[in-house]
Each structure stands twice: as C-alpha cells, then as structure tokens.
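Each remark here refers to the structure printed beneath this line.
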Amino acid sequence: MHGAKHRITTTSQQQQHLGAAMGGGVDSHGHRLARPAIRHAKLKMLFVVIATNLVSVYLFSGASLSLNMPASAPSIHLWDSTALLRDLNATRDALSLARAELAFLRGQCGTSSLLLESVLAKLGAVHGDTPAVQDFNGWPEEPTGELKMAIEPHRLPLGYSVNFGTDELFPGLGLACRNFQEELTRYMTYNASAECPDDEALALQLMLKGCEPLPRRRCRPRSPARYVEPKPLPASLWSIPADTTVNWSPYTCKNYTCLVERAHSRGGSYDCKDCFDLAGKERRRWLSDNGGPGFSIDGVLGSRPPGTVRIGLDIGGGTGTFAARMRERNVTVVTTTLDLDAPFNRFVASRGLVPLHISLVQRLPFADGVLDIVHSMHVLTNSVPAAVLEFAFFDIYRVLRPGGVFWLDHFFCLGPQLNATYVPILDRVGFRRLRWKASPKLDLGAERNEWYVSALLEKPMT
C-alpha cells in the first residue's frame, strides 16, 4: 500500500513536471491549467495566417481560376487580369465595329432618302404639283463651293471617335449665319490657296449680326507693304506703331496720326474716341481712386492677397491700356476688342499685349474657373439687352476661379433701371459685393437721371 501510494505520488509529480515543461500545468486534482489552451489557440492562428498567405501567393502568381459554365456561356475569369483586359479590349473593338456599321447604315439611309426625294420630286413635276421650298439642312439654298466645304461635316479618317461621339467632324459655325447666306456666300467666295479678298468690313458685319464663329477660309490675307517690326517691351507699351503695320483700306482714317487726332476733334461718332492718344487721357486711366465713379488698379489689387491676381480678361478693352497697366504690375490680361473703323486688334498686339477678336455675345473662350480677374468698362451697359447682359454676367462668373473678382467699371444706366433691372440680375448670378459705388452722370444734365456704377464683385469660395 505504501509502495502504491508512493508510485501514485510520483506519477502526479511527473505530470506536474511534464506540464511545466510544456508551458502549462495541472492542479492537485490532475486538471490541466489554462496556458496550454492559449498556446494551442496561437498555433491555430499561426496555421491560418500561413494558409492564407499560401493561397494569396497562388492566386497572384498568374494562375487562372475559371468557373465551369456551359459551353454556350462566356467564360468568367475571376483573378486573371490578363484575361480580363483581353476580354475588355475585345468588347471595345466589337462596340467600335457596331458603331461604325451604324454610321454606315445612317449614311446609306441618308442617300436613300435623297434618292427618294428626287424620285418624288420628278413624279410631282410629271403630275404638275407645285414644288415645295427646299430646306438644305436649314439653309434656304444649297451651299456650294468653299462655303459647302467649310460648313459640311467631314468623315473622320479612323472612323468613330469616342472623344467626339461621332464618326464625323462638324465645323463650328454661328447659328445666325443661316440668316445671312448671301453675305456669307460672298465672304466665302475667293480663289483657294491665293490671296484673300480685302473684306474685313464684311467679316465684321457678319460677326456683329451674330454670325460667329465665321467659317475658316483657305486663303492668305494680304500683309502690309514695307512692314516694320514692333518696338521691344517695355517701350512698346506706350508707343504708337508705324503706319506700315496696317492695311488701312477698311478704315476712314488712313494712318495713326488721324486716329490720335480724333481725341481733339469736335463732333463725330467714334468708338473709343480718345483711345489712340496714349499721351493724353489714356495715359492717366486707372491711376487714381479720388472719389469719382471708378476705382484705381492699385486699389483693386490691394484688396486681394498679394500675388493672387495673375491672369485676367478685359472685355471691350479698346486699345489695351488696362492690360498695359496690369502688365506693369506683372499681371497678364487678354483684351477683347473689335476693329470698329480702326485697327484696334493690331494696335493692342503692337503694344506687346494679347488681343482677342470676339463679340459681346460669344461664349468666352476659357474653361471654367481659370481667371483671377475680369474687367469691363463702357461696354456692358444699358445699351445691351438685359437678357444678353445676364448671360454675359453668368459667363464671367463661369470663367472666374473661386475667389476671383469681376470689376464692373463705369456701368451706365438710368436711375430707375438700376434697382429694377440690373441689381436683381447681379444678385441672381451670385456675386459677393466687395466694393460698390454709384455716381450720377451729370455731363448732359441732372434731369436725365443717368448713373455710373462701379463694382468689385467676388465669386464666392464655396
């Protein structure tokens, strides 16, 4: 008995030592302690991690796993990126082919329609029917020659384009051009690859009628005889260029001296009468903010964080003096101007500035939110229809970046119009007022109730 008891005790002691050696233990009754269970769980977790890594290595090693589908069904590749890309390219090619076939069928349908119309017209003529007025795609008469080539769509050499969304390239042409086909046909009548007709006045008339953009032409405009290189910057900013830089035939004045003298002449109706006199009133513009109806350039720039006004647009900038003043302050400004009985665009360019030949009704040729400042003086006034002004203000808002400013300079209107028409328009656009100055225009008498408004308006940041 004593020996058996000793053997049992020894066995219990051995179990305790064995358990301790394994990292666990047993109690006095032979129950295993918790540490071996924890170790066992950790071993399981280690096994799961190793198994997961092995499966990941297998999946991303380039092996393919495909689902067994019926033979009629397309195979679905779950992890083979190469097969997915191959299937995607095949689908894209099939889609492009279908679009090309659709475009071809559309062309055949158009040809069939023309043939059918021709047959019906001949049958109508046999039966004495009165022919209906033909409409050639909105044109009262079928375009011919250079006009037809310039305005008709042209097939893309590589077929359907995803970027264009069509297999044809449609030239840009103003909608109002259809209303002035006679003038447009005259504008597009010339000898291809030769010198263009001397018809700047005709082009300007079409633009002012809304025929903008005009179609492109395949001719070369005549260069001035004895052309002289412009002066270098910065001297060119305030210099009158040589007369031989301009073809003067479209204009009343035949040299720059005549244009400068307009500022000192009495009478006459001229656009921007004193703009070419760079030594006179033009030299003093926007230099002071002395309580008058306008602001100074330095005052406007000082209202913005330093260096944040970098690029901008001057709408109806005449000879480009606003852009010249801004360039002196390291700000790049593009000037829109029209050659209304004077070579405004060439004059702006001769000063080393950038002219943009567009009318007031054209969408500004800038992407959304790219300009720091837009300025306009004496152009956006009550002489422009209110609806056109509202579209123009919204377009200015569009091209300004958040935090950009619209400097509405010397906006002219009658007293009752200000609060009844123009303030509500600006409020609808959504500008935030930074500065606002309304001053009576008294040169023709106070009884006329005429006003100038200058405003500095900000496009909100959010």
Side-chain angles (χ1 to χ4, degrees), residues 234 237-238 281-337 348 351 353-354 356 364 366-381 389-390 392-413 418-419 422-441 451-462:
L237 288 177
W238 299 101
K281 184 178 179 180
E282 194 75 0
R283 188 77 183 224
R284 301 187 295 272
R285 292 192 192 276
W286 301 291
L287 291 182
S288 62
D289 187 355
N290 54 9
F295 307 136
S296 69
I297 284 180
D298 291 330
V300 170
L301 294 179
S303 68
R304 315 309 296 158
T308 60
V309 178
R310 306 152 302 156
I311 54 175
L313 172 69
D314 188 19
I315 299 176
T319 56
T321 296
F322 179 83
R325 287 296 182 200
M326 294 294 270
R327 195 187 191 287
E328 292 173 335
R329 291 153 177 81
N330 296 320
V331 180
T332 300
V333 170
V334 176
T335 302
T336 75
T337 187
V348 172
R351 301 178 75 174
L353 306 169
V354 182
L356 195 61
L364 295 175
F366 300 96
D368 296 359
V370 296
L371 299 182
D372 301 317
I373 187 170
V374 175
H375 172 266
S376 182
M377 177 178 177
H378 290 319
V379 174
L380 301 175
T381 68
L389 274 179
E390 186 163 354
F393 290 153
F394 270 101
D395 204 28
I396 291 169
Y397 186 97
R398 177 186 65 81
V399 300
L400 282 172
R401 63 167 176 82
V405 291
F406 173 33
W407 181 355
L408 183 60
D409 197 356
H410 283 74
F411 177 84
F412 171 79
C413 66
L418 182 58
N419 291 322
Y422 301 118
V423 170
I425 288 177
L426 292 172
D427 289 342
R428 285 196 295 272
V429 176
F431 287 113
R432 186 172 73 89
R433 297 185 191 180
L434 299 179
R435 297 180 66 181
W436 183 275
K437 184 187 294 186
S439 303
K441 181 177 178 294
W451 288 76
Y452 277 133
V453 175
S454 290
L456 192 62
L457 309 169
E458 182 186 54
K459 180 176 179 177
M461 294 292 290
T462 56

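Residues: numbered from 1 along the sequence shown.
- Residues R329 and D298 form a side-chain contact, since some pair of their non-hydrogen atoms from C-beta on lies under 4.5 Å apart.
- For the atom pair OG (S303) and CG (L456), the distance works out to 5.0 Å, reported to the nearest 0.5 Å.
- Contact of the L400 side chain with the V405 side chain is not registered, since no non-hydrogen atoms from C-beta on lie closer than 4.5 Å.
- In this structure, the side chain of R304 engages the main chain of G403 through a donor-acceptor pair within 3.5 Å.
- Proximity of L237 to L353: side-chain heavy atoms (C-beta onward) are separated by under 4.5 Å at one or more points.
- Judged by distance alone, the side chains of T321 and R351 do bring a donor and an acceptor atom under 3.5 Å apart.
- Side-chain atoms of R283 do not come within 3.5 Å of backbone N or O of W238 as any donor-acceptor pair.
- Applying the salt bridge (charged side-chain N to carboxylate O under 4.0 Å, His left out) criterion to R327, with sequence neighbours excluded, gives no partner residue.
- Taking the six-membered ring where the residue is Trp, F411 and F393 present tilted rings, their angle falling between 30° and 60°.
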**Request:** Let me see the working for V333 and R325 under side-chain contact (heavy atoms from CB on, under 4.5 Å), right down to the final yes or no.
**Result:** CA-CA 10 Å; V333 170; R325 287 296 182 200; over 6 Å; no
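- For the pair F394 and R398, the minimum side-chain heavy-atom distance is 4.5 Å or more.
- Atom CZ of F322 and atom CH2 of W407 lie 5.0 Å apart (nearest 0.5 Å).
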**Item:** Stepwise ring-ring contact (aromatic ring centres under 6.0 Å, His included) check, F406 with Y397
**Value:** CA-CA 8 Å; F406 173 33; Y397 186 97; over 10 Å; no
**Request:** With side-chain contact (heavy atoms from CB on, under 4.5 Å) as the test, would you mind laying out the steps for L426 and R433 before giving the verdict?
**Result:** CA-CA 10 Å; L426 292 172; R433 297 185 191 180; over 6 Å; no
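- Using modelled atom types, one side-chain atom of S454 and one backbone atom of P293 make a donor-acceptor pair closer than 3.5 Å.
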Distance-only donor-acceptor hits, side chain of residues 372-381, under 3.5 Å, sequence neighbours excluded:
from, atom 1, to, atom 2, distance (Å)
D372, OD1, R310, NH2, 3.0
D372, OD1, R401, NE, 2.5
D372, OD2, R310, N, 2.8
D372, OD2, R310, NE, 3.0
D372, OD2, R310, NH2, 3.3
D372, OD2, I311, N, 3.0
H375, ND1, D314, OD1, 2.7
H375, NE2, D409, OD2, 2.9
S376, OG, I315, O, 3.3
T381, OG1, S383, N, 3.2
T381, OG1, S383, OG, 2.7

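- Here the side chains of V453 and W436 are in contact, with some heavy-atom distance below 4.5 Å.
- Judged purely by atom type and a 3.5 angstrom limit, T319 has no side-chain atom pairing as donor or acceptor with the backbone of V348.
- Remark: K459 pairs with no residue by the salt bridge (charged side-chain N to carboxylate O under 4.0 Å, His left out) rule, at least two apart or across chains.
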